[in-house]
Every structure is written in structure tokens, then in C-alpha cells.
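The residues of the chain are indexed from 1 along the displayed sequence.
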Amino acid sequence: MTTPAIAYSDDQAQAHDRIAEALREMGVDIDNDTLTPMAEGKGRVMAVVGKAGSGKTLLLADLVHSLQAAGVDIVSGDWEGRRRKDRRTVAVLAPTNKAASVLRMRGVPATTIHRILYTPVYDPQYEKVAEWLAGQGERPAVEGLTEALLDRAKLVYDATTSVPAALASAGVRGSDFITGWKRREDPLDIGLIDESSMLDDRQFDDLTEIFPTLILFGDPAQLAPVNQSGQMVFDKITGRNRLDLARIHRQEADNPILDLAHALGDPDLTFERFERMIEEAARRDPRVEIAARADSDLMARSPVLVWRNATRIRLITAFRAAHGAPEDALIPGEPLICDGIELPLKHRKRRIDLEARGLIKGAPVIYLGPGSRPGFSRLHVIGAEAPRFSASSIVKIEKPDEEEPFIPYAARMGAAFLHGAAVTIHKAQGSQWQAVQVFAPDLYAASRAGRMEAGQALWKRLAYVAITRAEEKLIWITRYALSRPRRPLGIEDLPDPTTQLTLDAEDGA
């Protein structure tokens, strides 16, 4: 068995060596840093499966670094460059922008599945700039880009490896250099997919068409997609191609949140006993807290996680009332959740453009204010590489005991949004927040309902997903109550747009 550069547990080391062996069969030797051209007709699908704290992300990150050290190029979804027959590539993907941003914050160059399924079409003169930035062409002469601006773009590219970010630093808008989007037709090479418990069969089929070598990383204790009948795509992967990780003792091993998550695997655990465990954890560790009221300030950036839609709507109504939001308009700083793209089929290009900018179903967004055209809103997409732009919006504010939502902003077509101060646990999968509020009365209701999913009590799956969304603190809310805000809503806490890639979608959205 080879000796990895980092300290692995036994099962991680075995998984590393099994994956290294499979990659070697595909022509990529990460132990000896050697590559051979991709062979036609060869393929492999593997799964790395483990609960929270088992080290999936650590293994994924180390594999990416090993692949880069061996000379494998990263495909980011921004720009791919010229194809070479001997070139080997890897793409690190996640189902949502938020899940991809979690990886990027850990140093893994991840993008979303949408950004790989659809690729940007560059204006020819900016294609030359992209080639130069990536070291595949000579320094270009482009009207409007001075030598100083090109130098600035190169500095940004060297720091971020992002062509759009580099061009934005030179004052070039996305609508200037990206002329459209197209569905990927040519296959890629190696795909590493995080949060694969969120994949449905259609997405899995799309990925197997694109990547001859596909490695899925997933948590079997999470909630399966609603149309999968409790099954996850990696459940069909068996034998030597399935690698199971147990929990390991690393820096998170003494984490009370993970202790609670793993306790849910006990088939005899009742909801009442689990609540007592939470109370005991709260007494001995500040990372777990029992609260009688939901924190209305925290809800502006970290939603309360609930099971039932009725609870979600009541909490959102209370949140907006607490912050003095009018019924017929949004306040800058209010959180939203993308509920999909409402466009006719003939506007396929516009749909691809919005999705590529981060507006995919479930994406968390902060409302910045009205756009410069009727029906448009200025938005900040949490976790997106280019978070700020303006887009045609259909914002739906649901009300308790009312079948139809109120729509304060209604473009004829565009991105649809629900309020994001509270979200269902299903929609929270793939996201993480420093502090997470979990609405305990809903989980109690789920336990009383007695429902099962894939052989486990539904309330346990809900509780597992909810509490593992917390990076640092778990807040267990026990009553239907909301605290008074300590500060007004605003957008001052969001990253400074002058340091971010800003795309203006009003030209084509």
C-alpha cells in the first residue's frame, strides 16, 4: 500500500489506493506523476460513501492536489482552452453553488454541474486574451484594453485561475466577452462529484455521458432527491467500486454537533431521548445551544431549517413583520431562494445564461434592490464566483392560509424566487452555515407521524441533514416564537462588489 502525504485513517488510505489504482488503469498515475493519453472506450464509475466527519472532503481535496501535481488540468467551466490529444483533465463539481463554494473555501477549485453541462461561447478577441492568460497564446492587442489593464488581468488570473475574474478586473463585463452558452457535446475526462446524494438519475446519466472516469462522494444518511423514492444514485454502485468510510478522529472528532449526528444512527433512539442528548451537549459545550425563540437577525443570512411548508411560511411572515418589511415590496438585504427559471422553451439561451450565472433551483440569494428596468432586481448570489448582477425576477411572498402567493416583483418571465428566511431541510442539503437554527417542533411532528425513508425513521434523516448544515454552532429552537431584531436589514456585510466579478445580465436576461 502506498503512503499518502497526509495522515489518513485506514479506510481513507484504502480508498486512496483503490482510486489511485483505478486512475492508473485510466492512464493517470498520481503516485509517480505520469500521464498517458486517454484511451477510447475505457471508463470507470466509483463511489466514496461516508457520514459527516468521515473525511470525504479531505480525501477529495488530496486527490485534486495529486492530480494537479501529476499534470492533470483543471476544467473550471469558465474557459477550457485549446484541446490537445495528450491532455488529461479533471473537473470538481457540486450540485449547487453553495456546495461548490464550500469546497472552494477549502482550496478545492470546484464549480457546479450546470457550469460543466453548458459552456460559454467567447467573443473571438477575448478568446485570445483567455488563451494568453492561460499560457496558450501570445500577449494580444485588444481595443479598449491598455497594457496596464492586461497586466492587472494577468495578476488576477495568476491568483484566481479564473478568466472571467481576470477580465472583470480589467473592466470587461460578462456580456462583452461571453456571447452565449451551448450544451456540451464533447466528453471530458475525470469527474469528481461532491454531495452526490443530491443527484437524481437524470443528472447521473448526464455525468456518465461526459466523464469516462467518474468518482462520486456522498453521505448515505442524507435525504434522497424527492423523485428517487429514498434511493441515491450511488446505491447502485457495489463491490470494489464502492468505498465506504467510517468516522475518523481528526480535529472535528470532539465536535458535539457530529456526536449528535452520529447518534441518530441508533435504531432504538427516540426523539425524546435525542432532545435530552441535545440538552446535555448544550450544558457542556457552547457550540450547541437551546433557544426558545428563533433569532430574526440570524435568519437574514442563515435560514431556520424546517420540515413543513406551513411552518416555513409562518416563520417568514414573522421575520418580515419583525423587520418592518412592507407587504408590497422587499427591503435590501432580504434573503431569497431561487425557485427555478420560468421561461418558454424558445428562450433556451436566456435560461442557460441565468443558470450559468448561479440562478439554479435552491440557490440562496440576497436582494440588493430594484434593477434599472421594470421587473428586474439586483441580486447577490451566495456562493457564486460572480455573485452580483441584475436579472428579470418573479418574487413570490407566500402568506399563511392563502393558496396564492403575493408577487411584489413580476417580470413577464425570468428567475423565480421564494423568501429565504426559513427553508425546508430538503432544500438546505448541500449548504452550510456557521450557525444553524433547527426548528425542533417540526422534527417532533415528523417523529409522531412515524414515516420511514429507506429503512430509517424520517425524523432522523431530517435531523441528521439539519444539524450537519452547521459548521460551528447548532441552535435548537423549541417554540413558535421569534426574537426582536437587534439591527436593521442591510447589505453592508456582503463582499465588496468592487473586488468581485460583476456581471450585468440586463443585456440578455
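- Side-chain atoms of Arg184 do not come within 3.5 Å of backbone N or O of Ile210 as any donor-acceptor pair.
- For the residue pair Gln429 and Met198, the shortest heavy atom distance occurs at O-CE, 3.1 Å.
- How far CD1 of Ile331 is from CD1 of Ile491: 12.5 Å, rounded to the nearest 0.5 Å.
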Inset, instruction - Before giving the answer on side chain to side chain contact (heavy atoms under 4.5 Å, CB included), spell out for Val64 and Ile74 the whole-Å C-alpha distance, their side-chain angles and the decisive distance to 0.1 Å. - result: CA-CA 9 Å; Val64 172; Ile74 297 289; 4.1 Å; yes

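- Between Leu482 atom CG and Arg314 atom CZ the span is 13.0 Å, to the nearest 0.5 Å.
- Around the OH atom of Tyr444, the shell of radius 6.0 Å holds no more than 12 heavy atoms that belong to other residues, nucleotides or ligands.
- Counting non-hydrogen atoms of other residues, nucleotides and ligands closer than 6.0 Å to CZ of Arg451 gives a total of 12 or fewer.
- Looking at Ile475 and Leu298, their side chains come closer than 4.5 Å, going by heavy atoms from C-beta outward.
- The backbone N or O of Ser296 lies less than 3.5 Å from a partner atom in the side chain of Ser483, making a donor-acceptor pair.
- Remark: the backbone N or O of Ala110 is paired with a side-chain donor or acceptor of Arg104 at under 3.5 angstrom.
- Glu289 places no side-chain N or O within donor-acceptor distance of the main-chain N or O of Lys473, the cut-off being under 3.5 Å.
- Remark: side-chain polar atoms of Thr468 are paired, donor with acceptor, to backbone N or O of Val465 under 3.5 angstrom.
- Annotation: side chain of Ile113 is not in contact with side chain of Asp206 (no heavy-atom distance under 4.5 Å).
- Inter-residue side-chain proximity for Ile313 and Asp401 is flagged as unmet; no heavy-atom pair is nearer than 4.5 Å.
- Between Ile477 atom CD1 and Asp295 atom CG the span is 8.0 Å, to the nearest 0.5 Å.
- Contact between Leu379 and Ser393 at its shortest, heavy atoms only, is CD1-OG, 4.3 Å.
- Annotation: side chain of Ile360 is not in contact with side chain of Cys338 (no heavy-atom distance under 4.5 Å).
- A salt bridge between Arg287 and Asp285 is present, with a side-chain N of the basic residue lying under 4.0 Å from a carboxylate O of the acidic one.
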Inset, instruction - Decide yes or no on side chain to side chain contact (heavy atoms under 4.5 Å, CB included) for Gln203 and Val233, but give the supporting numbers first. - result: CA-CA 9 Å; Gln203 291 172 311; Val233 294; over 6 Å; no

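- A donor-acceptor pair under 3.5 Å is formed between the side chain of Ser392 and the backbone N or O of Met413.
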Inset, instruction - Any chance you could lay out the side chain to side chain contact (heavy atoms under 4.5 Å, CB included) test for Phe389 and Val381, step after step, and finish with the verdict? - result: CA-CA 8 Å; Phe389 54 90; Val381 182; 3.8 Å; yes

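- The heavy-atom pair separating Gln456 from Gly265 by the smallest distance is NE2-CA, 4.4 Å.
- No more than 12 heavy-atom neighbours from other residues, nucleotides or ligands sit within 6.0 angstrom of CD on Gln434.
- A salt bridge between Asp339 and Lys427 is present, with a side-chain N of the basic residue lying under 4.0 Å from a carboxylate O of the acidic one.
- A 4.5 Å side-chain heavy-atom check between Ile316 and Leu418 finds every atom pair outside the cut-off.
- Ile366 and Pro335 make their closest contact through CD1-CA, 4.0 Å (heavy atoms, listed as atom of the first residue, atom of the second, distance).
- Across every non-hydrogen atom of Leu458 and Leu223, the tightest pair is CD1-CD2, 4.1 Å.
- Between His380 and Arg388, some side-chain heavy-atom pair lies under the 4.5 Å cut-off.
- When atom types are taken as modelled, the side chain of Tyr480 and the backbone of Pro441 share no donor-acceptor pair closer than 3.5 angstrom.
- Taking OG1 from Thr270 and CZ from Arg276, the interatomic distance works out to 6.0 Å, rounded to the nearest 0.5 Å.
- Proximity of the aromatic rings of Phe204 and Phe234 is defined here by a centroid distance below 6.0 angstrom, and this criterion is not met.
- Here the straight-line distance linking atom CD of Glu327 with atom OG1 of Thr317 works out to 9.0 Å at 0.5 Å rounding.
- The pair Arg301-Glu492 does not count as a salt bridge, with every side-chain nitrogen at least 4.0 angstrom from each carboxylate oxygen.
- A heavy-atom distance below 4.5 Å is not found between the side chains of Asp194 and Val102.
- Listed for the Asp158 side chain is no donor-acceptor partner under 3.5 Å among the backbone atoms of Leu155.
- Within the 4.5 Å cutoff, the side chain of Val365 has no heavy atoms near those of the Tyr367 side chain.
- Trp459 CH2 to Ile425 CD1: the interatomic distance, rounded to the nearest 0.5 Å, is 11.5 Å.
- The closest donor-acceptor contact from the side chain of His323 to the backbone of Phe319 lies at 3.5 Å or more, if one exists at all.
- Within 6.0 Å of the CD atom in Glu404, the count of heavy atoms belonging to other residues, nucleotides or ligands does not exceed 12.
- Remark: of the listed residues Val108, Ile215, Val48, Val108 is the sole one forming a side chain to side chain contact (heavy atoms under 4.5 Å, CB included) with Leu60.
- Nearest approach of Asp219 to Tyr464, heavy atoms of both residues: OD2-OH, 2.5 Å.
- Checked by atom type and distance alone, the side chain of Asp442 pairs as donor or acceptor with a backbone atom of Arg308 at under 3.5 Å.
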Legend entry - Trace of the side chain to side chain contact (heavy atoms under 4.5 Å, CB included) decision for Val436 with Ile467: CA-CA 7 Å; Val436 165; Ile467 66 180; over 6 Å; no

